[in-house]
Amino acid sequence: MKTSKLSIRLLWYITPLVILPLLFLGGFTLTNVTNSTKKQAELIVSRFVEQQQQKIFNYIDSFHSITRLLSTSPVLADFLAREPESKNQYIERLGELMNVFASYSEAYPDIVSINYVAPDGKSDAFYSSQLTPAPDSYPFFDQVLQSNLRQQQFMIPKEDGSTSLYFVHPIYNIDYYLKQPQQLGFIVVHVEPSILNASILEAPFNNTLNLFLTTKGQILFSSDYDLRGSYLSEYELEQIKRLADYGKLASIELSSIDKEERIIYAVQMTDGDYFISTTPKDLLYQSGKAISLITALIVIISVISLPILIYIVVRNLLLTPVELLGAASHRVGDGDLSVYLPAHTNDEVGVLFNDFNHMVNQIRHYQDELEEYKHHLEEKVESRTKALEAMNSKLEVAIAQAEQANQLKSRFLANMSHEIRTPLTAIMGFTEQLLHNKDAVNDEQHLSTILRNSKHLLELINNILDLSKIEAEKLAVERGPCNVVQLIHDIDSIIRPLANEKQLAFNINYQLPVPKSINSDTTRLKQILINIASNAVKFTEKGSISIDISYNNNKQHLEFAIQDTGIGMSEREVERVFKPFEQADATTTRRFGGTGLGLCISKNLAQLLGGDVQLISEPGNGSCFTVQVAAHLNAEQLQNEGFIHSYEQLSPSKDVQLSFAANSFDANILVAEDNPDNQLLIKLLLQTWGLEPDIAKNGAEAVEMALVNDYQLIIMDMQMPVMGGLEATQMLRHAAYDGPIIALTANVMKTDVDTYIEAGCDEALAKPIDKDALEQVLVSYLHIEKDSQNKWENLLKSEKFQQINDNYRSKLPDYLSQVVQLYRAKEWEALRSLAHSLKGSAGCFSFEAIHKTAGQLENALRSNQTEQVEQCYNALIDALEEAS
């Protein structure tokens, strides 16, 4: 085949354009692969060492926290506070202290012993999980006496090659009459470092050697057990220190260990010790050499083969089809329309061939059409005229429909305006009476009228919103258990008073058997039945209303037939009644009111629940609405026990979760709260429900009491002295306490609640304490039975609650003086803490003004809004003075 000029030019261009980039890319790839392999290996080693370092840091910090918590233990403070009056009293205090030491040792298995050491080095209270005697002395005790650090740690190697950890924290007796606190001794915690041993044995590669060195070069921990206790040379130690300072990997030969060259990465720990990881250099970079050789071979083969393959592919796929297309185009230009290119592949060239053939066909087709237009032009003009007339006719119908829709909208807006303005008139009128007439004698009646009209207005708005969601197909329905008898009982409690008010008979009839429960959306089903039943009462002047309940076994539908003896509707009115914004006629709207949305929403809801609403009506003889919903019964519900067969089963069962037991409930509850008034109030609430709680004044006491006692639930205030609730919760979860912990705080922003939940809390309750929320928590986590509202009201009226409330009121002048003193001294953090406490406690005792202004002052101080601090401070002072 003759080679074209384009083929030769293409070969000249392809050869340098392919070979040169391939050579450059191959060299770059070879270098990059080698470097990347080394960097990847180095990154694995450095990340491994950093992870081990962080793991060791966390392990050591946790035992520092335990030692600090032990040094501030109230039991230890009581043991050291005063001389015992007798030996028995001393033994009793020592036993309580040993119980605290034992609880920490059980919570943290790595603890070997806990020792209280006097300043003279004498061991006065020693507990060992291994039942060993107290040591006569510690090798590091002189260093402890000379140090001013609050917390210290020591690693002491033992004769068997292992190493023990010791954590030391001083104990002080704070005396405000002295210039400095008095040192009472030290808490020494002996720990077997399981995490350190495990970290040393982990390795990122085979033949990796991990070492833990002291500042003198002694190997305390090693993945090679034989190396423990040995020393590195001074030169090797200096090299490791420089590597730790720079944070890089380097190749070093450790002659003290072996003669092999190793890649070493080292980091320095908090006390000056070093953690290093070493890997033989040949092993670390072995995989990179093989990858480099393979990469070089691939580059050489690509340089030789790619230009040849590209030329062959381009020749077959592009050059040959271009030559065919050029020849065909030349023939079309000469007027030959019989040209046809052969079918090609489905790529772009094939599309180009098809487009060329289509172009030739279109040219032939247009030539034929031109001839046809010359002969049939008049026929086409007449046909187009008729099409325009038909379009005009459709346009007139659309205009008429639009005008009808506009009239319907205007009628709806007028009706809705009347429906909304009617309750608004009552609300505004009675509100003005209550505001301007201070001596009104029917306050409760006025407020009841306002509430009733507000609920009616809310119902109108909810109907409009429901219809909007239905039309947008965004109304979601749920599926859950729905007790049929309880549902009808709820409907009866709402509709029967309405019927009695109009002196109408109201009957409920069951066509047995019916299911005990179905799986549907209880709220939406109740909305449908109440809407239709209330309409039946509204449109019935005399006679009766009845609801018949039956089960259609074929369709598995539960059916509700609502029959009334009201005004009824004609066939034309029945067709319109389920359309939105429409009622039977305008006289119905004027006579009975309403928006015309209820039945439309009910029908759509029934369809969403797998059923429908059907209507049979006759003017003057009443109407019968049949509501059908899918039962969605499972296999267990379809059994005989899942149906009601006798009328004795129609009494609604009482939910045991909704009635409180008369006797007390046996549950141990711990309440951590620093405010005495809140302590009394929470205790009084829990006693009302038959619960007797234990009280902790701060987080440290809560941790100790929770470790010693078995509590089913802990209520934890988040801001307390000595130790806050957040830290106490974290400590309890770390000590394997798995019971529910409920956060109690005045800060209930989402970010705050997320912080409490992340720390280990199960729920967060806001201050002031909400009785229903607290009761719900107790029901959820303790499975107790809920009380009635009367018991809560009796509690608020009880003499004991009034005493607590009066006691809190008597403290308000002291709070006032503290606020003034802290503000004048510009102690903003202390003032913010006091405002937070006032916000929580005042709300619990219904001092709403103090609760609100204290919260505003706390927010202003937290966000450093200096311009608002003074304004919020003055408002809080006014609220305190008025309440005092």
Side-chain angles (χ1 to χ4, degrees), residues 174 176 671-679 681-682 696-700 702 715-730 742-759 761 763-770 773 808-884:
I174 299 177
Y176 295 101
V671 177
E673 170 64 57
D674 61 312
N675 188 291
D677 299 309
N678 286 348
Q679 291 176 3
L681 178 59
I682 297 174
K697 299 178 181 178
N698 52 61
I715 299 176
M716 183 79 69
D717 186 18
M718 287 293 104
Q719 292 193 2
M720 293 181 291
V722 182
M723 178 185 288
L726 199 64
E727 186 178 358
T729 300
Q730 293 172 339
I742 309 303
L744 187 63
T745 178
N747 296 331
V748 289
M749 299 296 290
K750 186 178 185 302
T751 55
D752 298 324
V753 174
D754 292 341
T755 302
Y756 307 148
I757 300 300
E758 184 178 355
C761 294
E763 297 281 350
L765 294 180
K767 289 184 180 179
I769 300 172
D770 185 349
Y808 181 78
R809 185 187 296 274
S810 65
K811 294 180 181 179
L812 292 180
D814 294 336
Y815 288 138
L816 176 61
S817 61
Q818 292 180 33
V819 171
V820 174
Q821 182 179 357
L822 292 175
Y823 180 81
R824 292 176 178 176
K826 296 184 178 180
E827 297 182 6
W828 305 125
E829 186 60 27
L831 181 59
R832 187 194 64 77
S833 178
L834 179 58
H836 176 81
S837 178
L838 281 173
K839 179 178 70 172
S841 59
C844 294
F845 294 99
S846 301
F847 292 96
E848 296 298 333
I850 300 176
H851 168 73
K852 178 180 179 181
T853 53
Q856 293 172 350
L857 179 58
E858 180 192 9
N859 293 333
L861 289 170
R862 179 183 289 113
S863 57
N864 294 323
Q865 299 177 1
T866 54
E867 298 179 356
Q868 297 183 7
V869 169
E870 182 178 359
Q871 179 181 356
C872 297
Y873 163 76
N874 293 328
L876 178 57
I877 293 298
D878 294 340
L880 286 169
E881 290 177 347
E882 182 179 353
S884 301

Does a side-chain heavy-atom distance below 4.5 Å link [X] with [Y]?
{"X": "Ile850", "Y": "Leu880", "value": "yes"}
{"X": "Asn678", "Y": "Leu744", "value": "no"}
{"X": "Glu881", "Y": "Leu816", "value": "yes"}

Determine the minimum heavy-atom distance between [X] and [Y], stating which atoms define it.
{"X": "Cys761", "Y": "Ala743", "result": "SG-CB, 3.8 Å"}
{"X": "Ala764", "Y": "Val753", "result": "CB-CG1, 4.0 Å"}
{"X": "Val722", "Y": "Ala700", "result": "CG1-CB, 3.9 Å"}
{"X": "Met716", "Y": "Gly725", "result": "CG-CA, 3.7 Å"}

Any donor-acceptor pair under 3.5 Å from Ser833 side chain to Glu829 backbone: no
Sidechain-backbone polar pair: Gln679 side chain, Glu673 backbone, donor-acceptor under 3.5 Å: yes
Glu870 CD: over 12 foreign heavy atoms closer than 6.0 Å: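 It does not: Glu870 CD has 12 such atoms or fewer within range.
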Contacts of Glu763 that satisfy salt bridge (Lys or Arg N to Asp or Glu O under 4.0 Å) - sequence neighbours left out: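 Scan of Glu763 (salt bridge (Lys or Arg N to Asp or Glu O under 4.0 Å), adjacent residues dropped) gives none.
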Any residue meeting salt bridge (Lys or Arg N to Asp or Glu O under 4.0 Å) with Asp754, in chain and number order, not counting sequence neighbours: Lys750
Euclidean distance, [Y] [atom2] relative to [X] [atom1], rounded to 0.5 Å:
{"X": "Leu876", "Y": "Gln856", "atom1": "CG", "atom2": "CD", "answer": "9.5 Å"}
{"X": "Leu726", "Y": "Glu758", "atom1": "CG", "atom2": "CD", "answer": "9.5 Å"}
{"X": "Leu857", "Y": "Gln868", "atom1": "CG", "atom2": "CD", "answer": "11.0 Å"}
{"X": "Cys872", "Y": "Ile877", "atom1": "SG", "atom2": "CD1", "answer": "12.0 Å"}
{"X": "Met720", "Y": "Lys697", "atom1": "CE", "atom2": "NZ", "answer": "13.0 Å"}
{"X": "Ile757", "Y": "Asp752", "atom1": "CD1", "atom2": "CG", "answer": "11.5 Å"}

Residues which pass side chain to side chain donor-acceptor pair (under 3.5 Å) with Glu858, listed by chain and number, not counting sequence neighbours: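 Scan of Glu858 (side chain to side chain donor-acceptor pair (under 3.5 Å), adjacent residues dropped) gives His836, Lys839, Arg862.
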Criterion side chain to side chain contact (heavy atoms under 4.5 Å, CB included) on Val869 and Leu861, from CA distance to verdict: CA-CA 7 Å; Val869 169; Leu861 289 170; 3.9 Å; yes
Aromatic ring pairing Trp828/Tyr823, orientation class (parallel under 30°, perpendicular over 60°, tilted between):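 Ring orientation of Trp828 relative to Tyr823: perpendicular.
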